[in-house]
Student: 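I have a structure I would like to understand better, so I am pasting it below and will then ask my questions one at a time.
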Amino acid sequence: GIMLLLLIIAGFGVVTLLVILFAPHIRKYAAGGVCKSTARLDGKTALITGANTGIGKETALDLAMRGARVIMACRDVKKGEEAAATIRATYPKAQVEVRELDLADTYSIRAFAQKFLREVNQLHILINNAGVMMCPYTKTTDGFEMHIGVNHLGHFLLTSLLIGLLKRSAPARIVVVSSLAHNFGWIRFHDLHSQGSYNSGLAYCQSKLANVLFARELARRLKGTNVTVNSVHPGTVNSDLTRHSTLMTILFTVFSMFFKTPWEGAQTSIYCAVAEELHSISGKHFSDCTPAFVAPQGRSEETAKRLWDISCELLGIEWA
């Protein structure tokens with residue numbers, strides 16, 4: 001028994017030593033692709049959901065430094081204002097403003113869009129970035145399971161309300177932040193809101209698959225409008241997303257060098273929003289600033305159409 005314990009401890013020691021020795025290489029590999037585009041966005045308007053922390057905040061800073069007017073849509077306005085202040089401190093010329101948007105409440109989404117359309121006359125970049133991950137079972141104001149409600153349905157409604165403005169502002173781009181986790185997701189049409197059984201990991205994966213399917217189906221519908229939509233996998237980023245899981249927080253702390261910083265994680269969102277070479281690319285999935293693999297269940301047109309129809313039904317909307 002003692003021998004086995006010593007072996008295990010020695011094994012951990014060796015692994016730790018190797019990780020320390022190879023840390024710089026691991027970091028470089030984990031960092032992934034960087035957006036090399038120097039494109040300016042002067043006179044352009046961008047809207048980013050969940051821009052108060054992590055990837056969203058880094059994306060907001062980058063687009064602001066390129067000269068864009070950036071609207072940060074956040075559930076927590078106080079946190080949003082703090083993030084905007086740090087952006088202005090980094091780049092004093094930044095045109096950033098914070099607006100309240102709770103994606104877990106369709107009333108809030110509609111109110112946000114109404115005000116936005118009254119006060120903002122153009123929109124060139126929409127980044128559906130906000131997300132919840134592995135939260136305990138909760139429902140949105142409208143009774144949707146939180147993951148599918150915020151990550152998919154909330155953004156689906158928001159995009160539908162802003163699509164007219166995006167078309168009028170064309171060329172315009174929509175970026176949907178998904179995840180590699182879509183590979184492990186299935187759309188459970190018989191129980192979309194996990195009422196039968198709930199697993200936070202599976203609910204998260206289902207919502208990320210919904211993001212990929214939404215981007216692909218929307219791209220199909222936007223053909224010929226000069227509005228493109230692509231989905232991205234930001235990479236495994238050490239961000240606030242793990243706040244609901246103690247185990248995940250511990251793992252992320254121990255293996256931090258294997259994960260991306262929020263700046264690194266934002267690179268693919270930025271790339272899809274600004275890179276000149278993507279001006280006519282739509283309906284694709286990107287990771288590390290290059291086209292990425294989409295799981296078979298993410299490529300099914302039938303599933304995408306079915307999810308689209310059910311989403312419209314649940315939200316009581318019809319897309320123009």
Side-chain angles (χ1 to χ4, degrees), residues 30-35 37 39 41 44-104 108 112 116 120 123-133 135 150-151 154-155 158 173-179 208 211 231-244 248-249 252-253 256 259-275 286-289:
V34 170
C35 175
S37 169
L41 297 173
K44 303 280 189 214
T45 303
L47 169 61
I48 306 170
T49 65
N52 57 315
T53 81
I55 300 172
K57 183 176 157 188
E58 291 293 344
T59 306
L61 170 62
D62 184 284
L63 301 191
M65 288 176 78
R66 290 170 191 270
R69 171 190 182 189
V70 180
I71 291 139
M72 304 164 67
C74 310
R75 186 187 56 195
D76 186 331
V77 174
K78 189 174 161 290
K79 276 189 184 159
E81 291 294 0
E82 284 166 14
T86 64
I87 288 172
R88 289 185 202 106
T90 310
Y91 183 67
K93 287 195 291 196
Q95 299 176 64
V96 286
E97 57 199 77
V98 177
R99 287 173 182 247
E100 187 179 352
L101 170 66
D102 182 358
L103 288 154
S108 168
F112 168 87
F116 189 90
V120 182
L123 180 59
H124 306 97
I125 298 166
L126 167 62
I127 302 181
N128 289 338
N129 166 84
V132 290
M133 176 181 174
C135 58
V150 169
N151 298 355
H155 282 119
L158 177 69
R173 299 185 189 194
I174 301 167
V175 179
V176 179
V177 178
S178 175
S179 167
K208 294 288 105 181
N211 292 153
S231 59
V232 304
H233 164 56
T236 313
V237 178
N238 202 349
S239 74
D240 269 8
L241 268 184
T242 52
R243 59 182 171 260
H244 292 294
M248 289 285 274
T249 307
F252 269 65
T253 310
S256 62
F259 298 111
K260 296 189 176 191
T261 62
W263 182 84
E264 289 159 358
Q267 295 303 306
T268 307
S269 293
I270 295 162
Y271 175 72
C272 287
V274 308
F286 288 84
S287 173
D288 280 328
C289 301

Student: Looking only at non-hydrogen atoms, find the nearest pair between A51 and A83 and report the distance.
Tutor: O-CB, 4.2 Å
Student: Can you tell me how far CG of N129 sits from CG of N151, rounded to the nearest 0.5 angstrom?
Tutor: 10.5 Å
Student: Does T45 reach the main-chain N or O of H124 with its side chain, forming a donor-acceptor pair under 3.5 Å?
Tutor: no
Student: Let me know which of I48, T49, N52 forms a side chain to side chain contact (heavy atoms under 4.5 Å, CB included) with C74.
Tutor: N52
Student: Between S178 and H233 (side chain of the first, backbone of the second, donor and acceptor by atom type, cut-off under 3.5 Å), is there such a pair?
Tutor: no
Student: Could you tell me the separation between the OG atom of S269 and the CG atom of L63, rounded to the nearest 0.5 Å?
Tutor: 9.0 Å
Student: If we ignore hydrogens and angles and just use 3.5 Å, is the side chain of N211 paired with the main-chain N or O of S231 as donor and acceptor?
Tutor: no
Student: Please identify which of these residues, T59, V70, I55, meets the side chain to side chain contact (heavy atoms under 4.5 Å, CB included) condition with I127.
Tutor: T59
Student: What heavy-atom pair brings A64 and V96 nearest, and what distance separates the two atoms?
Tutor: CB-CG1, 4.0 Å
Student: Could you tell me the separation between the CD atom of E81 and the CE atom of M72, rounded to the nearest 0.5 Å?
Tutor: 8.5 Å
Student: Could you grab the distance from atom CZ of R69 to atom CD1 of I125, nearest 0.5 Å is fine?
Tutor: 13.5 Å
Student: Of all the heavy-atom pairs spanning F286 and C272, show the shortest one and how long it is.
Tutor: CD1-SG, 3.5 Å
Student: Taking all non-hydrogen atoms of both residues into account, name the closest pair between H155 and A130 and its distance.
Tutor: CE1-O, 3.1 Å
Student: Decide yes or no on side chain to side chain contact (heavy atoms under 4.5 Å, CB included) for V150 and R75, but give the supporting numbers first.
Tutor: CA-CA 11 Å; V150 169; R75 186 187 56 195; over 6 Å; no
Student: Would R66 and I270 count as a side chain to side chain contact (heavy atoms under 4.5 Å, CB included) here? Give the steps.
Tutor: CA-CA 11 Å; R66 290 170 191 270; I270 295 162; 3.9 Å; yes
Student: For the CZ atom of F116 and the CG atom of L47, what is their distance to the nearest 0.5 Å?
Tutor: 5.0 Å
Student: Quick one: does K57's side chain have a donor or acceptor within less than 3.5 Å of a partner on G80's backbone?
Tutor: no
Student: Counting distance only, does the side-chain N/O of E97 pair as donor-acceptor with the main-chain N or O of I71 below 3.5 Å?
Tutor: no
Student: Please name the pair of heavy atoms, one in V98 and one in A84, separated by the smallest distance, quoted to 0.1 Å.
Tutor: CG2-CB, 3.8 Å
Student: Assess whether side chain to side chain contact (heavy atoms under 4.5 Å, CB included) is satisfied between F112 and L158, documenting all intermediate values.
Tutor: CA-CA 9 Å; F112 168 87; L158 177 69; 3.8 Å; yes
Student: So how far is it from E82 CD to I87 CD1, rounded to the nearest 0.5 Å?
Tutor: 12.5 Å
Student: Quick check: closest heavy atoms across R173 and Y271, and the distance to 0.1 Å?
Tutor: NH1-O, 4.2 Å
Student: Could you tell me if the side chain of V34 sits less than 4.5 Å from the side chain of W263, heavy atoms only?
Tutor: yes
